[in-house]
Amino acid sequence: MQKVLIALGVIALTSAAALASSTEGVVKEYIKHTKIIKLEDGNSYAVPFEVAVPSELVPGSKIFITLDDRDSRKVTGVRVSPR
């Protein structure tokens, strides 16, 4: 029984990872009160309230944004690249 539960857990984790895509870019502007990130390439992303934004995110930061595959505008994660 324990092996079955472990196998199901692994399947669930890999399935969730398959539903995510990502993008990267350089931050042009971050509007804190609305949680909108504008990139230098002209794209902008509204970060949902429940998704944390790293405190070190500032204009000029290189970032990686994880998106939901079913809705390519839905942000599920934000990570700042180390300099």
Undergrad: If you take all heavy atoms of Asp69 and Ser21, which pair is closest and at what distance?
TA: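 Taking every non-hydrogen atom into account, OD1-CB, 2.9 Å.
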Undergrad: Which donor-acceptor pairs under 3.5 Å do the side chains of residues 32-40 make with protein atoms, sequence neighbours left out?
TA:
unit_1: Lys35; atom_1: NZ; unit_2: Pro48; atom_2: O; d: 3.2
unit_1: Lys35; atom_1: NZ; unit_2: Phe49; atom_2: O; d: 3.3
unit_1: Lys35; atom_1: NZ; unit_2: Val51; atom_2: O; d: 2.6

Undergrad: List the atom of Val47, the atom of Val78, and the distance in Å for their closest heavy-atom pair.
TA: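 Scanning both residues, the minimum pair turns out to be CG2-CG2, 4.2 Å.
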Undergrad: Looking only at the side chains, is there a donor atom on one of Asp68 and Thr76 sitting less than 3.5 Å from an acceptor on the other?
TA: no
Undergrad: Under the criterion side chain to side chain contact (heavy atoms under 4.5 Å, CB included), I'd like the reasoning laid out for Thr23 against Asn43: C-alpha separation, chi angles, the key distance, then a yes or no.
TA: CA-CA 10 Å; Thr23 188; Asn43 289 317; 5.7 Å; no
Undergrad: Could you tell me the separation between the NZ atom of Lys74 and the CG atom of Leu67, rounded to the nearest 0.5 Å?
TA: 11.0 Å
Undergrad: Sequence neighbours excluded, which residues qualify as side chain to side chain contact (heavy atoms under 4.5 Å, CB included) partners of Ser22?
TA: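 Side chain to side chain contact (heavy atoms under 4.5 Å, CB included) list for Ser22, sorted by chain: empty.
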